[in-house]
Structures are given as C-alpha cells and as structure tokens.
Amino acid sequence: RLALALLVLPGGLGKPTARQERARPGAAQHEDRPGFQYDHEAFLGKEEARSFDQLSPEESRERLGKIVDRIDDNKDGYLTTEELKNWIKRVQKRYIYENVAKVWKDYDLNKDNKIAWEEYKQATYGYYL
C-alpha cells in the first residue's frame with residue numbers, strides 16, 4: 001500500500017511502476033490514517049522511519065529515490081511485488097538483529113555474553129521480585 005503510493009509521487013522519484021494506475025493525482029504525500037506508521041516502519045525500518053519523519057518533503061523524496069534504486073534488484077526501472085517483499089523482509093530482519101543486540105545488553109547483567117535465568121528474571125521482573 002504505502003510503498004506503491006510513495007513511489008509515484010508527482011515530480012518524485014523518477015522510477016516508473018507497473019501499477020501507476022493506482023496512483024491518484026493530487027493524493028496526499030503522507031497519509032496519517034491508522035496503519036500508516038506500521039507501513040512506514042515496515043518499509044523503512046523503525047530507526048529510518050524516525051529519521052524520515054524529520055525530513056522536508058524534498059529531502060524525503062530524494063532519500064526514497066535512493067532506497068527505490070536499492071529495492072530494484074534487477075535494475076529494470078520497475079519494482080515488482082517480489083522485490084518489495086524481499087526489501088521488507090530485509091528491513092525487518094535487520095530490525096530484529098539490532099533489537100536483539102540492544103536487549104542483550106540489558107539482560108546480560110554480568111557482561112559474560114550469556115544470559116542466565118537469574119539475569120533474565122532480574123532484567124524482566126527485577127523491581128517486582
């Protein structure tokens with residue numbers, strides 16, 4: 001949904017899509033209806049989505065153009081559903097690995113690169129115990 005809408009912004013990315021008929025001239029560039037933030041994060045990744053929220057529309061369009069080039073695996077100038085699915089899987093996988101690394105530091109209290117049951121209980125329920 002969101003990815004295709006972003007790819008066909010007027011005067012935007014210079015990348016044609018196979019589904020241009022779905023783009024509506026004059027459509028809002030940023031839609032804030034329920035589910036938008038989820039789509040935004042799925043397409044960009046949580047951290048990247050936060051940084052995009054701080055950009056002007058012009059800067060956002062320029063950075064999205066660079067991302068579209070990375071998504072277009074076969075460099076044919078079109079994004080397929082499969083290329084979008086692969087991109088979202090890569091973004092989500094990166095998020096998972098980054099999140100595990102952040103959480104690991106919080107749970108590995110004695111910094112031995114292992115999480116013992118006691119460390120897990122303390123990090124999770126510490127102030128309850």
Side-chain angles (χ1 to χ4, degrees):
R1 289 184 317 192
L2 174 67
L4 292 177
L6 291 174
L7 301 178
V8 291
L9 294 172
L13 307 174
K15 284 290 186 186
T17 67
R19 297 184 185 209
Q20 285 183 337
E21 72 277 2
R22 288 189 174 188
R24 289 173 281 135
Q29 290 184 9
H30 297 286
E31 296 185 30
D32 293 328
R33 66 180 184 261
F36 165 75
Q37 192 62 32
Y38 175 81
D39 292 343
H40 193 61
E41 290 175 4
F43 185 75
L44 296 169
K46 198 166 201 156
E47 297 300 320
E48 190 78 10
R50 280 193 206 130
S51 72
F52 263 79
D53 290 341
Q54 308 303 315
L55 299 176
S56 71
E58 295 78 21
E59 291 171 313
S60 179
R61 205 177 350 249
E62 182 181 327
R63 286 190 46 196
L64 279 172
K66 292 175 183 174
I67 291 172
V68 168
D69 289 339
R70 290 174 43 205
I71 297 170
D72 186 12
D73 290 331
N74 62 4
K75 307 300 180 205
D76 67 351
Y78 294 87
L79 296 181
T80 64
T81 302
E82 197 61 32
E83 286 171 327
L84 285 172
K85 285 180 184 178
N86 290 338
W87 171 258
I88 290 171
K89 285 178 188 176
R90 284 192 303 257
V91 168
Q92 294 303 304
K93 192 175 196 179
R94 184 179 69 221
Y95 170 74
I96 290 167
Y97 284 120
E98 289 171 358
N99 193 46
V100 167
K102 287 177 187 176
V103 171
W104 192 271
K105 291 177 185 176
D106 294 336
Y107 282 59
D108 184 16
L109 300 174
N110 66 2
K111 308 300 178 206
D112 67 350
N113 210 26
K114 299 175 190 171
I115 299 175
W117 176 243
E118 289 302 319
E119 289 174 305
Y120 176 82
K121 285 192 320 188
Q122 182 61 36
T124 304
Y125 307 107
Y127 62 94
Y128 291 120
L129 296 177

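The hydrophobic cluster containing Leu109 does not contain Val100, counting ILVMFWY residues as joined when their side-chain heavy atoms lie under 4.5 angstrom apart, directly or transitively. A single hydrophobic cluster is seen to contain both Leu44 and Leu84, as judged by linkage of ILVMFWY side chains at heavy-atom distances under 4.5 Å, directly or through other members. The hydrophobic clustering, which links ILVMFWY residues whose side-chain heavy atoms are closer than 4.5 Å, places Tyr95 and Val103 apart. Grouping the Ile, Leu, Val, Met, Phe, Trp and Tyr side chains by contacts below 4.5 angstrom, directly or via other members, places Ile71 with Ile88.
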Can Tyr107 and Thr124 be said to form a side chain to side chain contact (heavy atoms under 4.5 Å, CB included), step by step?
CA-CA 8 Å; Tyr107 282 59; Thr124 304; 3.3 Å; yes
Should Asp106 and Lys102 be marked as a side chain to side chain contact (heavy atoms under 4.5 Å, CB included) after you check the CA-CA gap, both sets of side-chain angles, and the distance that decides it?
CA-CA 7 Å; Asp106 294 336; Lys102 287 177 187 176; 5.9 Å; no
Verdict with supporting geometry, Lys85 and Glu82, side chain to side chain contact (heavy atoms under 4.5 Å, CB included)
CA-CA 5 Å; Lys85 285 180 184 178; Glu82 197 61 32; 4.2 Å; yes
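Distance CG/Asp108 to CD/Glu119: 5.0 Å, rounded to 0.5 Å. Rounding to the nearest 0.5 Å places CG of Leu79 at 9.0 Å from CG of Asp69. For the atom pair Arg61 CZ and Glu58 CD, the distance stands at 6.0 Å (nearest 0.5 Å). Put simply, CD on Glu83 and CG on Asn74 are 4.5 Å apart, with the number rounded to the nearest 0.5 Å. Rounded to the nearest 0.5 Å, atoms CG (Leu64) and CD (Glu59) are 12.0 Å apart.
Of all heavy-atom pairs spanning Arg70 and Lys75, the tightest one is CA-NZ, 4.3 Å.
Under the 3.5 Å distance criterion, the side-chain polar atoms of Asn86 are left unmatched by any main-chain donor or acceptor of Arg90. Counting only distance, with no hydrogens or angles, the side chain of Lys111 and the backbone of Lys105 share a donor-acceptor pair below 3.5 Å.
The existence of a salt bridge linking Lys66 and Glu62 is confirmed by a sub-4.0 Å separation between a basic side-chain nitrogen and an acidic carboxylate oxygen.
Between Trp104 and Asn113, some side-chain heavy-atom pair lies under the 4.5 Å cut-off.
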